[in-house]
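To start, the structure under review is shown below, and the notes come after it.
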Amino acid sequence: MNALENIKNSLIDRILATRNERLLDAIKNIFDSTQSEEIIVLSTEQIEMLSMSEKDIEDGKLVSESELNKRDSKWLS
């Protein structure tokens with residue numbers, strides 16, 4: 001996986017984990033302001049990852065933002 005894909009996947013994970021509506025609105029505004037007619041083609045792995053994420057959401061396999069922050073802190077120390 002290249003650096004760009006790592007950044008995208010990291011952002012996807014953080015977006016899915018957050019409950020901060022203001023943050024999500026800000027991200028949406030950034031995308032809206034930079035929107036172009038560019039067609040984005042997802043790799044097979046990205047499509048599979050999104051499908052897996054949707055299944056996790058349907059199955060209630062979620063982690064709160066505060067729990068994610070605790071895990072990050074523990075992992076980083």
Side-chain angles (χ1 to χ4, degrees):
M1 196 178 297
N2 66 35
L4 180 59
E5 288 175 341
N6 286 335
I7 293 169
K8 288 179 179 181
N9 290 334
S10 174
L11 289 171
I12 289 168
D13 290 342
R14 292 181 73 179
I15 288 169
L16 289 172
T18 190
R19 292 177 182 250
N20 185 333
E21 187 174 356
R22 287 180 49 209
L23 174 62
L24 294 174
D25 281 337
I27 293 168
K28 181 183 180 303
N29 288 336
I30 291 169
F31 280 115
D32 289 347
S33 68
T34 60
Q35 189 68 26
S36 69
E37 296 299 317
E38 177 184 357
I39 297 174
I40 299 172
V41 178
L42 300 176
S43 69
T44 303
E45 292 84 7
Q46 290 169 320
I47 293 169
E48 182 178 350
M49 188 174 191
L50 289 170
S51 295
M52 290 168 60
S53 296
E54 288 175 353
K55 177 146 178 38
D56 284 344
I57 292 167
E58 289 171 6
D59 294 343
K61 296 178 182 176
L62 304 173
V63 177
S64 69
E65 185 175 5
S66 61
E67 178 62 27
L68 185 62
N69 290 338
K70 287 178 191 175
R71 290 181 186 185
D72 283 347
S73 295
K74 185 177 179 180
W75 182 77
L76 290 171
S77 52

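- Remark: side-chain polar atoms of Gln46 are paired, donor with acceptor, to backbone N or O of Ser43 under 3.5 angstrom.
- Considering CE of Met49 and CG of Leu42, their distance stands at 11.5 Å, rounded to 0.5 Å.
- Although no hydrogens or angles enter the test, the distance criterion places no donor-acceptor pair under 3.5 Å between the side chain of Asp59 and the main chain of Lys61.
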>> Go through it in stages, so that I can follow the logic: the residues are Lys8 and Leu11, the test is side chain to side chain contact (heavy atoms under 4.5 Å, CB included), and I'd like the CA-CA distance, side-chain angles, deciding distance and then a yes or no.
In response: CA-CA 5 Å; Lys8 288 179 179 181; Leu11 289 171; 5.8 Å; no
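- Note that the CG atom of Leu68 and the CG atom of Leu62 stand 11.5 Å from one another [nearest 0.5 Å].
- One finds the NZ atom of Lys28 at 12.0 Å from the CD1 atom of Ile30 (value rounded to the nearest 0.5 Å).
- At a threshold of 4.5 Å between side-chain heavy atoms, the hydrophobic network of Ile, Leu, Val, Met, Phe, Trp and Tyr places Phe31 and Leu23 in one connected group.
- Taking each heavy atom of Leu4 and Asn2 in turn, the nearest pair found is N-OD1, 3.1 Å.
- Contact check for Leu16 versus Ile57: side-chain heavy atoms found under the 4.5 Å cut-off.
- Scanning both residues, Glu65 and Thr18, for their nearest heavy atoms gives OE1-OG1, 3.2 Å.
- Residues Ile40 and Ile47 fall within the same hydrophobic cluster, defined by Ile, Leu, Val, Met, Phe, Trp and Tyr side chains chained together at heavy-atom separations under 4.5 Å.
- Looking at Arg14 and Ser10, their side chains come closer than 4.5 Å, going by heavy atoms from C-beta outward.
- Atom CG of residue Leu50 and atom CD1 of residue Ile12 lie 5.5 Å apart, to the nearest 0.5 angstrom.
- When side chains are defined from C-beta on, Val63 does not count as touching Lys70, because their heavy atoms never get closer than 4.5 Å.
- Looking at heavy atoms from C-beta onward, Leu24 lies out of side-chain contact with Glu21 at the 4.5 angstrom threshold.
- We find the CD-OG distance between Glu58 and Ser53 to be 11.0 Å, quoted to the nearest 0.5 Å.
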